[in-house]
Amino acid sequence: MEISVSLLDGQKQRAKFDSLEVISDQSINAGGGAEHPEPFDYFLVSMVLCAGFYARKFCEQREISTEGMTLTQNNENIDEEGKKLFSIEINLPDGFPQKYKKALIAAVNTCTVKKVIQAQPEFSVVVK
């Protein structure tokens, strides 16, 4: 997938891919208008949204209701080595079968975003 970014007014940017677009901005302290999430915010939210997708698919395949299910991600933890820790808490709906808790965690851990981060991708920047 190719993503094309255009610089807009102020600190706003528009990323286009396929038939979709995402607008980002910066905080007022960084010279933006704080009208849209910052690029790093999109990165952070992508992890918990991906986890939510896999949690939903797990439940759908077993005909388990997801009504009332929420996922909460904490981005503030630092471990002893100074590494950033991301923790996701799944708040289960009433009546969720206890026997599926470990399997749900395993399903959520298959999140594509998480796998890409864990693979430590390489980045290349060129000027044309």
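For reference, positions follow the sequence shown, starting with 1. All values below come from the heavy atoms of this structure, side chains included, with hydrogens, waters and symmetry mates left out.
A pairwise comparison of heavy atoms in Phe96 and Lys101 identifies CE2-N, 4.0 Å as the closest pair. In this structure, Thr112 and Cys50 approach most closely via the heavy-atom pair N-SG, 3.3 Å. Between Gln26 and Pro39 the shortest heavy-atom distance is NE2-CD, 3.3 Å. Shortest non-hydrogen contact noted between Ala55 and Val108 is CB-CG2, 3.8 Å. Minimum heavy-atom separation, Tyr42 to Ile23: OH-O, 2.6 Å. Summarising the geometry of Ile88 relative to Met47, their closest heavy-atom pair is CD1-O, 4.2 Å, with the distance given to 0.1 Å.
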* To do: Verify side chain to side chain contact (heavy atoms under 4.5 Å, CB included) between Lys16 and Ile3, making sure each step is shown before the conclusion.
  => CA-CA 6 Å; Lys16 286 188 169 187; Ile3 302 170; over 6 Å; no
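Judged by a 6.0 Å distance limit and a 45° cone about the ring axis, Arg56 is not positioned over the six-membered ring of Phe58.
Linking ILVMFWY residues whenever their side-chain heavy atoms come closer than 4.5 Å, directly or via other members, places Met1 and Leu20 in the same cluster. No continuous path of hydrophobic side-chain contacts links Leu71 to Ile105 [ILVMFWY only; heavy atoms under 4.5 Å]. Residue Ile90 is grouped with residue Val48 when hydrophobic side chains (ILVMFWY) are merged at heavy-atom distances under 4.5 angstrom, including chains of intermediate members.
A distance-only check finds no donor-acceptor pair linking the side chain of Tyr100 to the backbone of Cys59 [under 3.5 Å]. The backbone N or O of Ser27 sits less than 3.5 Å from a side-chain atom of Glu38, completing a donor-acceptor pair. The closest donor-acceptor contact from the side chain of Asn109 to the backbone of Ala106 lies at 3.5 Å or more, if one exists at all. Between the side chain of Asp25 and the main chain of Gly32, no donor-acceptor pair closer than 3.5 Å is present.
Separation of atoms CG (Leu92) and CD (Gln98) is listed at 7.5 Å; rounding is to 0.5 Å. Note that CG of Leu49 is 11.0 Å distant from CG of Leu44, once rounded to the nearest 0.5 Å. Distance CG/Asp18 to CD/Glu2: 10.5 Å, rounded to 0.5 Å. Between Cys111 atom SG and Gln118 atom CD the span is 9.0 Å, to the nearest 0.5 Å.
Using a 4.5 Å cut-off on side-chain heavy atoms (C-beta onward), Gln73 and Asn75 make contact. You'll find the side chain of Ile64 reaches within 4.5 Å of the side chain of Pro97, heavy atoms only. A 4.5 Å side-chain heavy-atom check between Gln13 and Ser24 finds at least one atom pair inside the cut-off. By the 4.5 Å heavy-atom criterion applied to side chains, Val22 and Phe17 are counted as neighbours. Looking at heavy atoms from C-beta onward, Phe86 lies out of side-chain contact with Ile117 at the 4.5 angstrom threshold.
Using a 3.5 Å distance cut-off with no hydrogens or angles, the side chains of Asn91 and Thr70 do pair a donor with an acceptor.
Within 6.0 Å of CG in Asp9 there are 12 or fewer heavy atoms belonging to other residues, nucleotides or ligands.
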